[in-house]
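Data block below; observations after.
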Amino acid sequence: MKKHFFIIPTFFLLLFVLPSTIVSAATSTTTINVAVASVITISSGGTLNLSVTPSGPGAQTVGSDTVTISTNDTAGYTLKISNSSASTANLISGSNTISPSAGTQASPTVPQLANSWGYCVTGVGGFVCPSVASASQAISNTYSFAGTPLSASPNTLKATATTATNDTTVVWYGVSADTTKPSGTYTSTVTYTGIAN
Amino acid sequence: MDNLLKRKKTRGGFFALIGLSFLLLLPKVYAQSATSQQSLTLSPTSNIQSFDKGASSDGTVQVINQGSAAYDFSVYATPYSVSGEDYQQDFSPIPGAINIASWFNFPSATYHINPGQTVAVPYTINVPSTVLSGGYYGVIFAEIQNPQVVNGVTIKDRLGSIFYLTVNGPAVNQGSLLSWNAKPFQKPNLTGYVRVANTGTLHFSASVNATVKDMFGFTKLNFSSVKEVLPQTVRRIPIEWKNTPFMGLYKINGSVTYLGKTSTLGTKYVIVMSQLARYIIGGIAILLVLMLIIHEIAKYRRNKKKKKHGPNKKKKK
């Protein structure tokens, strides 16, 4: 009988201790550290073809390109625009050129002068931009354009405070030509820069 | 009756055809718009690294093509500096200052990337042994090389990854929270600004956390942003609530953590009112004032009449 005296308390002890051991094993914690890398994405049309049929006082063609930026960086991002060239922002066709609008982002030119080209972004600086593309119309007395700055001093189009998902910026381009401008294919290259803040 | 059934069947078929056409056309429209866009992704957006003088380090930045067209891209480094409290970024060399672009080396200047592909671009940073200790800043750019268009504007997209480099040695880590401001009357978007000064010789991170609550205590925005503050600069860090409702009264609380210390941002109350809401409230206010004026004029005239007719009435009695 004495031999069996400890069996009952031992049974109860095991009854309480074992499950608690099992439970404590089940609830042991594992810390999982996940490093999510910061990324930034930019997308745009890549090219913008603008054709203008000149008229005596000057005809204007406007078209747009949409830049979309996403970033998971909580610092936000800055979008800048500049001409890709460090020395000239002209549209060039051999020895012929169409010069950049004399206006700046803060004080854009309106109306756009004949034989010039520039950009316009709604809500930025002093711009008043078109809302629809048009070809070879009379030069607008409303829409204002600035010349693209040289590569060393890009203009800021947008600066955000935190993360962004598919944040779009519509950049309008306008080119005006009168009949004194020799026909030809005029080209220039613009760079959009996206960078975290 | 048969005619009616036939008509219904014809109408049903017609609408089904239109529905089917929509189903068939819509994916085509989306597919077309997707193919016209090129896409460039860069990771990480910034790097923070420490070096001993004369040391070097290898690393990679990831370039991803999430678009539907293959393209070539170039990689290169530039210096990085800022101006003004809004941190206008500049990538041009500063006369007289060290241009750390020369510290970066790439085995290749151009790469080709296919849709859906990730390219790890290797780089080596070589820190000269003669350089002084402190903070140095640069950017690695990845830039799409689009072929020149025949007529018009060729567009190049480029993304930058900022490098915050510390050259080990004697340094001063010092900064302070200069101010925290949110104007009491604002138009959407609701915005506040925190100004943090770095008076040391090394950059540091400033982590801004803020909560915007409405007048019932419901949280409308949890804002969080981490920004690097460069030596000898003041950085104005915006706290912005995108798509703020056109009208409301809000309470902003928050904190800024930098250099191991946390400063509490005192509570600010902000009334947000869009231009339209201002016009409506202004209109109502003007209307109320006009009604009050009319009421007062009417009251004045009534009293005048009473005064005029009062003695006559007495005379009649």
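Per chain, numbering begins at 1; letters A, B, ... match sequence-line order. Note that the coordinates shown come from a computational prediction; the quantities given were computed from them, not determined experimentally.
Most heavy-atom pairs under 4.5 Å with chain B, from the set Leu50(A), Ile69(A), Asn72(A), Thr148(A): that is Leu50(A). For the options Ser38(A), Ala159(A), Ser153(A), heavy-atom pairs under 4.5 Å to chain B are most numerous at Ser38(A). Contact count against chain B (heavy-atom pairs under 4.5 Å) is highest for Thr78(A) among Thr78(A), Val52(A), Val175(A). Between chain B and the options Ala152(A), Ala37(A), Ser70(A), the largest number of non-hydrogen pairs under 4.5 Å is found for Ala152(A).
Of all non-hydrogen atoms in Asp167(A) and Lys242(B), the two that sit nearest each other are OD2-NZ, 4.1 Å. Nearest heavy-atom pair across Phe91(B) and Thr193(A) is CE1-CG2, 4.2 Å. Closest heavy-atom contact between Ala75(A) and Ser225(B): CA-OG, 3.7 Å. What you find for Val153(B) and Trp117(A) is that their closest heavy atoms are CG2-CZ3, 3.8 Å. Here the closest heavy-atom approach between residue Lys227(B) and residue Thr160(A) is recorded as NZ-O, 4.5 Å. Shortest non-hydrogen contact noted between Arg158(B) and Ile42(A) is O-CD1, 4.4 Å.
Between atom CD1 of residue Ile40(A) and atom OG of residue Ser43(B) there is a gap of 10.5 Å, rounded to the nearest 0.5 Å. Taken from CH2 in Trp241(B) to OG1 in Thr162(A), the straight-line distance is 15.0 Å, to the nearest 0.5 Å. Residue Thr68(A) holds its OG1 atom at 9.5 Å from CG of Asp157(B), rounded to the nearest 0.5 Å. Here the CD1 atom belonging to Ile155(B) is positioned 7.0 Å from the OG1 atom belonging to Thr47(A), to the nearest 0.5 angstrom.
For chain A, the nearby part of Phe141(B) is the side chain; its heavy atoms alone come within less than 4.5 Å. For Glu228(B), no part sits under 4.5 Å from any heavy atom of chain A, backbone or side chain. Heavy atoms of Val208(B) lying under 4.5 Å from chain A are absent altogether. If you measure heavy-atom distances from Ile162(B) to chain A, the contacts under 4.5 Å come from the side chain alone. There is no contact between Tyr87(B) and chain A, counting heavy-atom distances below 4.5 Å. In this structure, chain B has a heavy atom under 4.5 Å from the side chain of Leu91(A), while its backbone stays farther away.
Two residues are said to be in side-chain contact when any heavy atoms from C-beta on lie closer than 4.5 Å; Ser43(A) and Gln38(B) fail this criterion.
Thr71(A) pairs in a side-chain contact (heavy atoms from CB on, under 4.5 Å) with only one of the listed residues (Thr45(B), Thr41(B), Leu42(B), Leu159(B)), which is Thr45(B).
Side-chain N or O atoms of Gln89(B) include none that pairs as donor or acceptor with a backbone N or O of Thr156(A) at under 3.5 Å.
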